[in-house]
Amino acid sequence: MTTPPLRSISPEVLWSADRLQIAGWTASSVVDWPGRTVLTVLLQGCPWECTYCETPELRSPMQPGVIPWRDVRAVVMRSRSGLDGVVFSGGEPTRQDGLADAMEQMREIGLPVALHTSGSYPQRLAAVLSLADRVVLEIKAPATLYKAITGVASSAHKAFASLRLALDSGVELQVRTTVDRSVLTDDDITRLRENLAIMGVRDHVVVDAVEPTVPGSA
């Protein structure tokens, strides 16, 4: 994939990466990008309130970032020789101004970039797809059950619009479904698998949601 020049990106997303609200970063080589040693940047804020959310502390868009982008970039530069890529996750990373600039900066130093997204902002996703070497998109349920997971009526339309954009872009794509068994049945999951295959999805991973630990239950 050829890295596009900055002028090819919509002007509305050309905010400085210094604007990013960063909740933290982690080093991982197993889940976030299998087969690679990557640094994952966790961006604050998400518009949905999913029933199984494993990182509710990243949900509030009003929570300020705790790590400036310059510090994350410095870690990347120090670790450059041991990294195979950088992953932007969250929260919902496409919510934030500055994402395109941060992705561009990582590509300029020769690191592949992955984006983990719920697809909640299709237009913003479209603006940064050309900067991603890999996209992991969470499709949470069949469209008719999306609101039961996210609490937002328009969420299915946005997620499936984002999926269509990612498929049409040709980017390396994995679709993940985290199953809330209080909402989805086995038949629902089968129906979703079939619909995704018809749309052209070739890599679909299904995992069960992790039940929250109840204090004193151990």
> Going through the distances and angles, do Thr185 and Asp187 end up as a side-chain hydrogen bond (donor to acceptor under 3.5 Å, both in side chains)?
CA-CA 5 Å; Thr185 67; Asp187 287 345; 5.0 Å; no
> Are side-chain heavy atoms of Ser79 and Leu39 found at a separation under 4.5 Å?
no
> Quick one: do the Gln105 and Arg107 side chains pair a donor with an acceptor below 3.5 Å?
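No.
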> Kindly give the heavy-atom pair with the smallest separation between Pro47 and Val152, and that separation in Å.
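Scanning both residues completely, I find the closest heavy atoms to be O-CG2, 4.0 Å.
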> With a 3.5 Å distance limit and no angle check, can you tell me whether Arg73 reaches the backbone of Met106 through a side-chain donor-acceptor pair?
no
> Linking I/L/V/M/F/W/Y whenever their side-chain heavy atoms sit closer than 4.5 Å, directly or via other members, would Leu58 and Ile67 fall into one cluster?
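Unlinked, Leu58 and Ile67 end up in two clusters.
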> Flag the pair Val136 / Leu173 as yes when at least one side-chain heavy-atom distance between them is below 4.5 Å, and no otherwise.
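They are not in side-chain contact.
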> Under the 4.5 Å side-chain heavy-atom rule for ILVMFWY, direct or indirect, which residues accompany Tyr52?
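Besides Tyr52, the hydrophobic cluster comprises Leu145, Ile149, Val179, Val183, Leu184, Ile189, Val206, listed by chain and residue number.
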> Side chains of Gln63 and Glu57: does their closest heavy-atom pair fall under 4.5 Å?
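Not in contact.
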> Specify the closest pair of heavy atoms between Gly85 and Trp33, including all atoms of both residues, with the distance to one decimal.
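Result for this residue pair: CA-CZ3, 4.4 Å.
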> Are Leu131 and Tyr121 in one and the same hydrophobic cluster, where Ile, Leu, Val, Met, Phe, Trp and Tyr link if side-chain heavy atoms are under 4.5 Å apart?
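They do not share one cluster, since no chain of ILVMFWY contacts under 4.5 Å joins Leu131 to Tyr121.
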> So, taking the atom named OG1 in Thr40 and the one named CG in Asp32, what distance separates them when rounded to the nearest 0.5 Å?
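Between Thr40 OG1 and Asp32 CG, I get 3.5 Å after rounding to 0.5 Å.
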> Once you round to the nearest 0.5 Å, how far does CD of Glu108 lie from CE of Met103?
12.5 Å
> Check whether any side-chain heavy atom of Phe88 sits under 4.5 Å from a side-chain heavy atom of Leu99, and report yes or no.
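Sidechains of Leu99 and Phe88: in contact.
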> Would you compute the distance between atom NZ of Lys158 and atom OG1 of Thr150 and round it to the nearest 0.5 angstrom?
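Those atoms lie 10.0 Å apart.
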> Please determine if Asp186 and Arg191 form a salt bridge, counting it only when a charged side-chain N lies under 4.0 Å from a carboxylate O.
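No, no charged N to carboxylate O under 4.0 Å.
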> Examine Leu111 and Trp25 and state if one hydrophobic cluster contains both, with Ile, Leu, Val, Met, Phe, Trp and Tyr joined whenever side-chain heavy atoms are less than 4.5 Å apart.
yes
> To the nearest 0.5 Å, how far apart are CG in Asp97 and CG in Asp18?
12.5 Å
> Kindly indicate whether the side chain of Val41, heavy atoms from C-beta on, has any atom under 4.5 Å from the side chain of Val87.
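No, too far: nothing below the 4.5 Å cut-off.
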> Under 4.5 Å between side-chain heavy atoms, hopping through other hydrophobics if needed: is there a path connecting Leu115 to Leu42?
no
> Looking only at atom types and distance, does a side-chain atom of His204 sit under 3.5 Å from a main-chain N or O of Arg193, one as donor and one as acceptor?
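No, the answer is negative, given that no donor and acceptor are paired below the 3.5 Å cut-off.
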> How long is the straight-line distance from CG of Leu163 back to CG of Leu137, given to the nearest 0.5 Å?
5.5 Å
> Does the pair Arg181 and Asp208 meet the rule for a salt bridge (Lys or Arg N to Asp or Glu O under 4.0 Å), with working shown?
CA-CA 8 Å; Arg181 294 286 176 178; Asp208 280 320; 2.8 Å; yes
> Can you tell me if Asp133 uses its side chain to pair, donor with acceptor, with the backbone of Pro112 under 3.5 Å?
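Not at all, since once roles are kept as given, no pair shorter than 3.5 Å links the two residues.
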> Where do Tyr146 and Ala159 come nearest, in terms of heavy atoms and distance?
OH-CB, 3.3 Å
> Quick one: does Glu92's side chain have a donor or acceptor within less than 3.5 Å of a partner on Thr117's backbone?
no
> Hey, are the side chains of Trp48 and Cys53 touching, using non-hydrogen atoms and a 4.5 Å cut-off?
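The answer is no; the side chains never approach within 4.5 Å.
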> Any heavy-atom pair between the side chains of Leu192 and Thr190 that's under 4.5 Å?
no
> For the side chain of Arg36 and the backbone of Asp84, is there at least one donor-acceptor N/O pair under 3.5 Å apart?
yes
> Could you grab the distance from atom CD1 of Ile139 to atom OG of Ser162, nearest 0.5 Å is fine?
7.5 Å
> Verify the cluster assignment for Leu83 and Ile109: are they in a single hydrophobic cluster under the rule of side-chain heavy atoms below 4.5 Å apart?
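The answer is yes; both residues are in one hydrophobic cluster.
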> Do Ser16 and Trp69 have side-chain heavy atoms sitting under 4.5 Å apart?
no
> Would you please name every residue forming a side-chain contact (heavy atoms from CB on, under 4.5 Å) with Gln96, sequence neighbours left out?
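Gln96 satisfies side-chain contact (heavy atoms from CB on, under 4.5 Å) with Leu20, Gln21, Leu43, Gln44 once adjacent residues are dropped.
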> Is a side-chain donor or acceptor of Arg124 paired with a backbone partner of Arg95 at a separation under 3.5 angstrom?
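Flag set: sc Arg124 to bb Arg95 pair under 3.5 Å.
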> For Ala17, does its backbone N or O pair with a side-chain atom of Asp101 as donor and acceptor, under 3.5 Å?
yes
